[in-house]
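Worksheet: the structure to be examined is printed underneath.
None of these values were measured; they are calculated from a predicted model. If you read the sequence from its start, that first residue is 1, and numbering goes on from there.
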Amino acid sequence: MAIKLRILHYPDDKKLAALCKELTREYDNSKCDKIPPAYPCENEKLLVAFIKSGKEPTNELKMFCGDLTKSRVQNVAFIFDAPESTIKELTEMAAKAGAKVYGEPKVMKFPAFIFNFKDEQKKEIKDYIAEAYAAAQG
């Protein structure tokens with residue numbers, strides 16, 4: 001049975017948006033948007049968040065992760081291009097808010113252009129999302 005999946009990205013970047021849209025095509029009942037989303041998360045079974053950030057996450061990111069309550073998101077899987085301190089801070093905020101953070105966040109360098117995502121990187125991302133999806137289905 002298909003579960004509700006939402007893939008979000010930060011920053012609002014055309015190359016990340018294109019990748020997220022490509023990934024949503026593989027799942028029924030899935031949506032893609034930026035962070036913060038146009039419509040807030042409500043009763044999402046799984047949220048996948050692509051986040052590119054510097055050493056100090058923006059207030060926008062902090063507010064978003066701090067608002068990931070169980071009523072908004074049951075499970076969240078993070079894919080980061082960020083320093084370890086930022087990854088730790090944002091994942092802890094999400095967990096403290098009530099979302100179940102899936103495994104270890106995926107950490108990778110996002111290329112400057114969407115077309116520069118190598119096939120093996122896309123496969124890694126797809127495999128990570130598939131694992132998180134299966135775990136969220138219970």
- Query: How many angstroms lie between atom OH of Y133 and atom OH of Y102, to the nearest 0.5 angstrom?
  - Reply: 14.5 Å

- Are any of the side-chain nitrogens in R72 or E44 under 4.0 Å away from the carboxylate oxygens of its partner? no

- Task: For A136 and L46, work out which heavy atoms get closest and say how close.
- Result: CB-CB, 4.1 Å

- Item | Cluster overlap I125 with I51, hydrophobic side-chain contacts below 4.5 Å | no

- Message: Distance check, rounded to the nearest 0.5 Å: L68 atom CG versus T91 atom OG1?
- Response: 11.5 Å

- Task: Flag the pair K118 and E124 as a salt bridge only when some basic side-chain nitrogen lies within less than 4.0 angstrom of an acidic carboxylate oxygen.
- Result: no

- Query: To the nearest 0.5 Å, what is the distance between CG (D127) and CD (E120)?
  - Reply: 12.0 Å

- K21 versus I7: any side-chain heavy-atom pair under 4.5 Å? no

- Side chains of S53 and L61 in contact at under 4.5 Å (non-hydrogen atoms): yes

- Message: Measuring only between side-chain heavy atoms, which start at C-beta, is L5 closer than 4.5 Å to N29?
- Response: no

- Report, as yes or no, whether the 6.0 Å neighbourhood of atom NZ on K70 holds more than 12 heavy atoms from other residues, nucleotides or ligands. no

- Electrostatic pair D119-K123, nearest N-O below 4.0 angstrom: no

- Message: Just so I know, are the side chains of P11 and L16 near enough to count as touching, which here means a heavy-atom distance under 4.5 Å?
- Response: yes

- Take atom CE of M108 as the centre, draw a 6.0 Å sphere, and report whether it contains more than 12 heavy atoms from other residues, nucleotides or ligands. yes

- Message: In the structure I gave you, are the side-chain heavy atoms of F110 and D13 within less than 4.5 Å of one another anywhere?
- Response: no

- Just wondering, do I3 and Y27 contact through their side chains at under 4.5 Å, heavy atoms? no

- How about D28: does its CG atom have over 12 heavy atoms from other parts shown lying under 6.0 Å from it? no

- Nearest 0.5 Å, what's the OG1-CD distance between T69 and Q74? 10.5 Å

- Check whether any side-chain heavy atom of K126 lies under 4.5 Å from a side-chain heavy atom of L23, and answer yes or no. yes

- Item | I35 with F50, same ILVMFWY side-chain cluster at under 4.5 Å | no

- Query: How long is the gap from SG on C20 to CG on L8, to the nearest 0.5 Å?
  - Reply: 7.5 Å

- CG/D81 to OG1/T86 distance, rounded to the nearest 0.5 angstrom? 10.5 Å

- Query: So, Y128 side chain and F78 main chain: donor-acceptor pair closer than 3.5 Å or not?
  - Reply: yes

- Message: Are there over 12 heavy-atom neighbours, none belonging to K52, within less than 6.0 Å of that residue's NZ?
- Response: yes

- Heavy-atom donor-acceptor pair, N75 side chain to K45 backbone, under 3.5 Å: yes

- Item | ILVMFWY network linking V101 to V107, side-chain heavy atoms under 4.5 angstrom | yes

- L19, I129: one ILVMFWY side-chain cluster at the under-4.5 Å cut-off? yes

- Task: Could you tell me which non-hydrogen atom of C65 sits nearest to which non-hydrogen atom of A97, and how far apart they are?
- Result: O-CB, 4.0 Å

- Note on the structure: Note: K62 and P57 closest approach over all heavy atoms is CE-O, 3.5 Å

- Message: Other residues, nucleotides and ligands only: do more than 12 of their heavy atoms fall within 6.0 Å of CD on E26?
- Response: yes

- Note on the structure: Nearest heavy-atom approach of P36 to E60 is CD-OE2, 3.3 Å

- Task: Check P37 against R6 and note the closest heavy-atom contact, atom names and distance.
- Result: CB-NH2, 3.5 Å

- Do L90 and M93 come close enough that some side-chain heavy atom pair is under 4.5 Å? yes

